[in-house]
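Written out below as structure tokens is the structure these notes cover.
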Amino acid sequence: MSYEKLEELKTGHKVQISGGKVSVPDDPIIPYVEGDGIGRDITKATQRIVNAAVEKYYGGKRKIHWWEIYAGEKAQAKYGEMLPKDTIQAVSDYKIVIKGPLTTPVGGGFRSLNVTLRQLLDLYACVRPVKYYDGVPSPVRNPEKMNVVIFRENTEDVYAGIEWQAESDKAKKVIGWLNETMGTKIRPESGVGIKPISKFASQRLIRMAIDHAVKHRCNSVTLVHKGNIQKYTEGAFRDWGYELARTDYADRTIAEDQLQGDAGSKIVMKDRIADSMFQQILTRTDEYSVIATTNLNGDYLSDACAAQVGGLGIAPGANIGDEAAMFEATHGTAPKYADKDMVNPGSLLLTAVMMLQYMNWMEAGDAIENAFAKTIQQKKVTYDLARQMDGAKELKTSEFATAIIENL
Ligand code: NAP
């Protein structure tokens with residue numbers, strides 16, 4: 001495969017992913033997008049820690065070969081565009097990418113690079129584990145009760161990008177057709193968006209969530225939807241979820257309304273209406289384990305859950321498909337802190353842990369997670385946590401990385 005401006009590494013081998021099965025050599029080439037703003041600070045710190053853990057736990061037998069590819073501001077400077085073909089090609093060839101945050105200008109016909117990447121590579125599941133690390137300041141009384149993995153559908157819903165600006169010719173045409181032939185009463189000057197939800201996309205996402213619950217022995221999968229109002233999109237998501245559990249996981253799952261007493265080793269399939277879920281996750285936090293939900297609900301819910309355990313600065317995330325996976329920090333570029341060696345690299349670091357687990361390099365992943373938790377317990381933290389903790393020692397990003405490496 002030839003690239004316009006990227007030079008392929010001469011050392012290392014490609015990761016293979018096919019039909020969701022991952023095969024990783026001992027010397028994988030891992031493409032990375034540094035990210036804009038604080039992306040520069042956190043990528044540097046994360047790679048140092050990952051390299052140290054891999055070296056420590058595999059003693060030279062395994063090594064990651066990092067390969068820089070470009071998106072966002074760096075791509076603009078190198079290619080004259082924010083998301084060059086080279087980058088998309090590199091991810092589809094090399095299968096895994098880890099990326100820092102990218103700037104998304106608000107409005108003005110510019111689509112989010114993150115959303116575009118997810119759709120082009122068909123990374124249909126946004127996976128966000130949310131759990132509490134002892135010592136992290138939290139706004140709730142029992143943050144330790146939170147331990148969920150959210151599977152958010154990534155390709156459909158109002159994120160499909162099908163919308164027309166108010167008073168544009170296309171919006172008028174769509175509204176005209178709907179009002180004249182479908183009996184709707186949409187105000188002619190409205191903007192219009194379309195929310196597609198399909199059985200195919202819903203079930204492959206829910207399948208990934210149930211498979212995760214089976215693999216990790218989780219006791220429930222909760223389908224979160226707004227089906228009481230949007231019956232044929234959100235309601236259908238719920239129905240297709242239960243249907244999948246009945247047809248393909250009959251021996252592994254049981255619907256909550258069929259439950260009589262203890263579920264035994266079966267996974268309980270539940271569903272909750274989205275607004276109710278926001279209060280349930282606060283009031284009955286430990287009743288939830290794996291969550292599968294539509295795109296917009298998942299977007300809101302992931303951030304709300306992350307806030308409950310101490311915020312986005314440490315929340316990891318991945319976008320996973322059957323042929324590729326993109327691991328990304330969940331916060332933005334926080335431009336005011338860029339290049340100040342100040343912010344918390346925790347989100348990207350725990351994202352790298354997810355990547356190592358996905359690669360089946362469990363020892364290195366677990367070691368980093370434990371060292372991260374230990375460093376926080378020692379009250380050695382970056383500014384964002386230090387300002388909320390009594391007696392904390394405030395460290396720079398790079399110093400925090402060094403402290404984690406020492407705790408490996
Ligand atoms: P943001 O960059 O996430 O920053 C908002 C605030 O969150 C920061 O001012 C800081 O709060 C805190 N924060 C974020 N990351 C942190 C970290 N690693 N350590 C410590 N604190 C952290 O959100 P934004 O200002 O709304 O967005 C800025 C740009 O990022 C926009 O262009 C947006 O589109 C983009 N964005 C990209 C992604 C992505 O690439 N995945 C995601 C979200 C936003 P304090 O100042 O209170 O300390």
Side-chain angles (χ1 to χ4, degrees), residues 32-46 49 69-76 82-83 87 91 97-119 121 123 126-128 133 136-139 150 152 154 159 295-296 298-300 302-304 306-307 309-320 325-352 354-355 372 375-376 380-389 392 394-401 404:
Y32 72 95
V33 173
E34 183 182 67
D36 302 326
I38 56 169
R40 296 186 280 277
D41 304 87
I42 60 177
T43 295
K44 226 177 290 156
T46 297
I49 298 166
I69 61 174
Y70 302 89
E73 289 162 7
K74 257 187 157 175
Q76 184 66 36
M82 298 286 238
L83 186 56
T87 301
V91 182
V97 63
I98 181 161
K99 65 173 274 297
L102 298 172
T103 309
T104 307
V106 178
F110 188 93
R111 260 191 102 201
S112 155
L113 296 177
N114 302 305
V115 175
T116 309
L117 268 170
R118 288 172 200 161
Q119 285 179 353
L121 298 163
L123 307 174
C126 177
V127 185
R128 298 267 297 260
Y133 292 95
V136 173
S138 151
I150 301 168
R152 160 189 168 198
N154 236 352
Y159 285 69
N295 207 335
L296 183 62
D299 196 359
Y300 296 154
S302 313
D303 281 14
V309 294
L312 286 179
I314 59 166
N319 297 279
I320 297 181
M326 176 169 79
F327 297 83
E328 63 177 344
T330 53
H331 54 71
T333 58
K336 65 181 171 182
Y337 299 115
D339 304 311
K340 292 198 171 145
D341 195 17
M342 206 175 146
V343 294
N344 192 336
S347 173
L348 192 65
L349 182 64
L350 294 173
T351 294
M354 285 180 81
M355 182 183 83
F372 171 77
T375 309
I376 291 173
K380 295 178 188 166
V381 290
T382 44
Y383 85 92
D384 52 314
L385 300 185
R387 70 184 167 192
Q388 304 173 67
M389 286 164 83
E394 183 177 323
L395 300 180
K396 293 173 189 252
T397 313
S398 55
E399 294 168 339
F400 184 57
I404 293 173

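Computed over heavy atoms, backbone and side chain alike; hydrogens, waters and symmetry mates excluded. Indexing begins at 1, ligand by ligand and atom by atom, following the structure's order. Numbering of residues begins at 1 and proceeds along the displayed sequence.
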Atoms in ligand 1 flagged as close to [X], the criterion being non-hydrogen separation under 4.0 Å:
| X | value |
| --- | --- |
| Ala329 | 41 (N) |
| Leu102 | 35 (C), 36 (N), 37 (C), 39 (C), 40 (O) |
| Ile38 | 15 (N), 18 (N) |
| Tyr337 | 9 (O), 10 (C), 45 (P), 46 (O), 48 (O) |
| Asn344 | 17 (C), 18 (N), 19 (N), 20 (C) |

Pick from Lys336, Met342, Arg387, His331: the one approaching atom 42 (C) of ligand 1 most closely through a non-hydrogen atom
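The nearest heavy atom belongs to His331.
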Option of least heavy-atom distance to atom 30 (O) of ligand 1 (set: Thr333, Thr103, Val343):
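Selected option, by shortest heavy-atom distance: Thr333.
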Heavy-atom donor-acceptor pair, [X] side chain to [Y] backbone, under 3.5 Å:
| X | Y | value |
| --- | --- | --- |
| Ser347 | Thr330 | yes |
| Thr351 | Gly317 | yes |
| Asp41 | Asp341 | yes |
| Gln76 | Glu73 | no |

Record the part of Asp384 in heavy-atom contact with ligand 1 below 4.0 Å; permitted values are side chain, backbone, both and neither.
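It is the side chain that touches ligand 1; the backbone stays farther off.
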Heavy-atom distances under 4.0 Å decide this one: backbone, side chain, both or neither, for Pro345 against ligand 1?
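The answer is neither.
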Verdict with reasoning, Glu328 to Lys99, per salt bridge (Lys or Arg N to Asp or Glu O under 4.0 Å):
CA-CA 5 Å; Glu328 63 177 344; Lys99 65 173 274 297; 2.7 Å; yes
Walk me through it: do Asp339 and Lys44 pass the test salt bridge (Lys or Arg N to Asp or Glu O under 4.0 Å)?
CA-CA 11 Å; Asp339 304 311; Lys44 226 177 290 156; 6.0 Å; no
Below 4.5 Å, heavy atoms only, C-beta onward: do Thr397 and Lys340 meet side chain to side chain?
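Answer no - side chains too far apart.
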